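What follows is a short report on a single structure.
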Amino acid sequence: MEASEGQKRLPTVSAPTPIEQSRDRGQIDRRTFLTRSAGMAAATATAWAAPAAAADAPAGVPPSMRTPGRPMSGYGQPSGFEKPVARIVAAPYGAVAPGTGAARTPIHALEGTITPSGLHFERHHNGIPEIDPAAHQLLIHGLVGKPLAFTVQALLRYPMTSRTCFIECAGNSSLNTFLKPPQVPAGAIHGMVSCSEWSGVPLAVLLDEAGVDPRGRWLLAEGADGAAMSRSVPLAKALDDAMIALYQNGERLRPEQGYPVRLLLPGWEGNMSVKWLHRIKLTEGPMHTKDETSKYSEPMPDGNARQFTFEMGVKSVITRPSVGMKMQAPGLHEIAGLAWSGAGKIRKVDVSLDGGMSWCEAVLQEPIFSKSLTRFRLPWEWNGARVQLQSRAIDEKGNVQPTRASWLAQYAPEQRYHNNSIQTWAIDADGGVSNVYL
Ligand SMILES: Nc1nc2c(c(=O)[nH]1)N[C@H]1C(S)=C(S)[C@@H](COP(=O)(O)O)O[C@H]1N2
Ligand SMILES: [Mo]
């Protein structure tokens, strides 16, 4: 047999070469690490996950090579081996209103920056309406020269544009405002954020056709769902980068994301990206709808409330390691996570192993898009001791992600929106990960 012939050992598997450590907790100087690992790659002498020693012989012939594979299909599905990757559904009103609530993206189970469409988070105020595109229209009226009604077919004829951006619910990460830190996966806490490539028609083009009256400084956007979700949007945003989105990651919008038409306001609180959009009315001022008074305003310590806090703050979270994972063994690991800002591009992400006392700069994965999820990574040698992992994002406008204490201090005690504060994951000597408040 071939396998018995060459029993020579591959030179691949050896303990990781010691690497200079900038701190006693095992934080590696990134440049040193990267230079060395590049050199070692050629010599194939680095073992991140201690692969088993193998004989220097051709691999055996697995069953998959002995038979033809299964046929093609019209629409691909994830591997059956990956079935547990699913949204985390929370329906707080149960059977009374099963479509009201949220289903979060399992960000801890994903890589890269684009959220698969079937895993984009869902947030509905009265379920997902079933809308026949042939019967649906988008009306632009109010303070315009000429009210216009666009069929979906008409919208699809316009020149389109594509852009990548995140959508984040203002209520994302509100679990971390509870008294005790919830011991649930990162996606269950921070998964009301997702990132897609959206395609559609710039709202500015349609407004130009309707002709905005100079008195029209705001617009009301209303959805055709059972919640009649509606928000007031300043005209400046509508003319800047607002999109009438028709496609998501190359295919038509998913019903959960607003099929057949949604408003997309990049970087602004998800609530304003009105789904199942059927009406835009130009107005002189904001309408103070139920969705922007009873909700999506933030009570302050002095009894006043902030209203129209449109932009989502600069934020990051380490997705690996995080709660539910276990460090297999001391040695080389990659810390990986997501950063984003409603103000533009992410400029820098720092990682701390000691609960924010010292910081090391992570590597940002290119390309970095404005108002989009950005992947950061940091190679790290865990020595088996307890650490407190944090990440802190800084955006191109110089905004810095706040600590939990400084974020909380801005608001009345029960305030839960716009929580962009720093997340701490503690890793214990047994490799278990827990959520801690610092
Ligand atoms: N018509 C309508 N639009 C809506 C909502 C809704 O319930 N109805 N939910 C809003 C909220 S609160 C958020 S966070 C985003 C969520 O978008 P997604 O479900 O595509 O992730 O849609 C917004 N647009
Ligand atoms: Mo939301």
Side-chain angles (χ1 to χ4, degrees), residues 87-93 97-107 114-131 136 138-139 164-175 187 190-198 200 220-233 242-249 251-281 289-298 308-313 315 340 342 373 416-420:
R87 287 189 284 233
I88 303 147
V89 179
Y93 309 102
T100 303
R104 291 169 170 81
T105 298
I107 53 171
I114 295 294
T115 311
S117 297
L119 294 174
H120 195 288
F121 84 95
E122 301 177 52
R123 171 78 181 98
H124 320 300
H125 292 245
N126 200 2
I128 305 157
E130 190 172 298
I131 296 180
H136 187 79
L138 169 61
L139 174 68
T164 300
C165 72
F166 72 80
I167 295 180
E168 182 182 21
C169 180
N172 196 22
S173 313
S174 60
L175 260 65
H190 305 290
M192 280 204 284
V193 67
S194 304
C195 190
S196 299
E197 187 208 51
W198 306 93
L220 174 79
E222 185 183 76
D225 56 331
M229 249 275 325
S230 54
R231 291 293 307 259
S232 305
V233 182
M243 182 195 285
I244 300 299
L246 302 161
Y247 288 82
Q248 169 186 2
N249 296 330
E251 59 186 359
R252 293 291 292 278
L253 291 179
R254 294 285 171 103
E256 298 91 323
Q257 266 66 61
Y259 181 86
V261 186
R262 107 175 279 168
L263 179 62
L264 182 71
L265 299 181
W268 284 20
E269 53 184 19
N271 186 253
M272 305 186 67
S273 285
V274 175
K275 301 187 281 190
W276 315 294
L277 181 70
H278 82 138
R279 188 163 77 97
I280 287 177
K281 183 179 184 181
T289 69
K290 66 180 187 331
D291 301 297
E292 56 202 14
T293 49
S294 74
K295 286 189 166 73
Y296 304 104
S297 54
E298 297 87 54
F308 303 135
T309 31
F310 300 135
E311 196 174 279
M312 295 308 292
K315 185 165 172 180
W340 63 99
L373 294 188
R416 305 199 194 283
Y417 292 124
H418 286 271
N419 182 3
N420 65 329

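These values consider heavy atoms only, across backbone and side chains, with no hydrogens, waters or symmetry-generated copies. For ligands, and for the atoms within them, numbers begin at 1 and follow the listed sequence. Here the structure is a predicted model, which means the values were calculated and not measured.
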Original post:
Which ligand 1 atoms does Glu122 reach within 4.0 Å, using its non-hydrogen atoms?
Top reply: 19 (O)
**OP:** Measure the distance from atom 21 (O) of ligand 1 to every protein heavy atom, then report the residue, atom name and distance (to 0.1 Å) of the closest one.
**Re:** Phe121 O, 2.6 Å
Subject >> Minimum side-chain heavy-atom gap Asn271-Arg231 below 4.5 Å >> reply: yes
**OP:** Indicate yes or no: does an N/O atom of Lys275 lie under 3.5 Å from an N/O atom of ligand 1?
**Re:** yes
Subject >> Atom indices of ligand 1 within 4.0 angstrom of Val274 heavy atoms, with elements >> reply: 1 (N), 3 (N), 24 (N)
**OP:** Verify the distance criterion only: is there a donor paired with an acceptor across the side chains of Thr115 and Thr105 at less than 3.5 Å?
**Re:** no
**OP:** Report, in ascending order of atom number, the atoms of ligand 1 lying under 4.0 Å from any heavy atom of His124.
**Re:** 7 (O)
Original post:
For atom 7 (O) of ligand 1, what's the nearest protein heavy atom and its distance?
Top reply: His125 N, 2.8 Å
Original post:
Could you give the distance from NE2 (His278) to CG (Leu139), rounded to the nearest 0.5 Å?
Top reply: 8.0 Å
Original post:
According to the interplanar angle, ranging from 0 to 90°, do the rings of Trp198 and His120 count as parallel (below 30°), tilted (30 to 60°) or perpendicular (above 60°)?
Top reply: perpendicular
Subject >> Approximate separation, where rounding is to 0.5 Å, of Asp225 CG and His124 NE2 >> reply: 9.5 Å
**OP:** Would you mind running through ligand 1 and noting each atom that sits below 4.0 Å from a heavy atom of Glu256?
**Re:** 19 (O), 20 (O)
Original post:
So between Gly258, Gly127, Cys169, whose heavy atom ends up nearest atom 14 (S) of ligand 1?
Top reply: Cys169
Original post:
side chain to side chain donor-acceptor pair (under 3.5 Å) with His418: which of Glu168, Glu311, Lys315, Glu269?
Top reply: Glu269
Subject >> Gap between atom CD of Gln257 and atom CZ of Phe121 - 0.5 Å precision >> reply: 8.0 Å
Subject >> Asp225-ligand 1 polar pair, N/O distance under 3.5 Å >> reply: yes
Original post:
Take atom CD in Glu251; do more than 12 heavy atoms of anything else shown fall under 6.0 Å from it?
Top reply: yes
Subject >> Heavy-atom check, side chain of Ile167 versus side chain of Arg123, under 4.5 Å >> reply: no
**OP:** Considering only non-hydrogen protein atoms, determine which one is nearest to atom 9 (N) of ligand 1 and report residue, atom name and distance to 0.1 Å.
**Re:** Arg123 O, 3.2 Å
Original post:
What's the shortest distance from atom 17 (O) of ligand 1 to any protein heavy atom, and which residue and atom give it?
Top reply: Arg262 NH2, 3.0 Å
Original post:
Atom CD of Glu197 and atom CD of Gln248: how far apart are they, to the nearest 0.5 Å?
Top reply: 10.5 Å
Subject >> Interfacing atoms of ligand 1 (cut-off 4.0 Å, heavy-atom, Tyr296) >> reply: 12 (S)
Subject >> Per-atom contacts, ligand 1 versus Gln257 - under 4.0 Å to a heavy atom >> reply: 18 (P), 19 (O), 20 (O), 21 (O)
**OP:** Can you pull out the closest protein heavy atom to atom 6 (C) of ligand 1? Residue, atom name and distance to 0.1 Å, please.
**Re:** Met229 CG, 3.3 Å
**OP:** Quick one: pull up OG in Ser273 and CE in Met243 and give me the separation to the nearest 0.5 Å.
**Re:** 10.5 Å
Original post:
Of all the non-hydrogen atoms in the protein, which one sits nearest to atom 10 (C) of ligand 1, and at what distance?
Top reply: Asn271 CA, 3.7 Å
Original post:
Starting from atom 15 (C) of ligand 1, which protein heavy atom do you reach first, and at what distance in Å?
Top reply: Gly270 O, 3.3 Å
Original post:
Which atoms of ligand 1 have any heavy atom of Ser273 under 4.0 Å away?
Top reply: 22 (O), 23 (C), 24 (N)
Subject >> Gly223 neighbourhood, listing ligand 1 atoms whose heavy-atom distance to it stays under 4.0 Å >> reply: 1 (N)
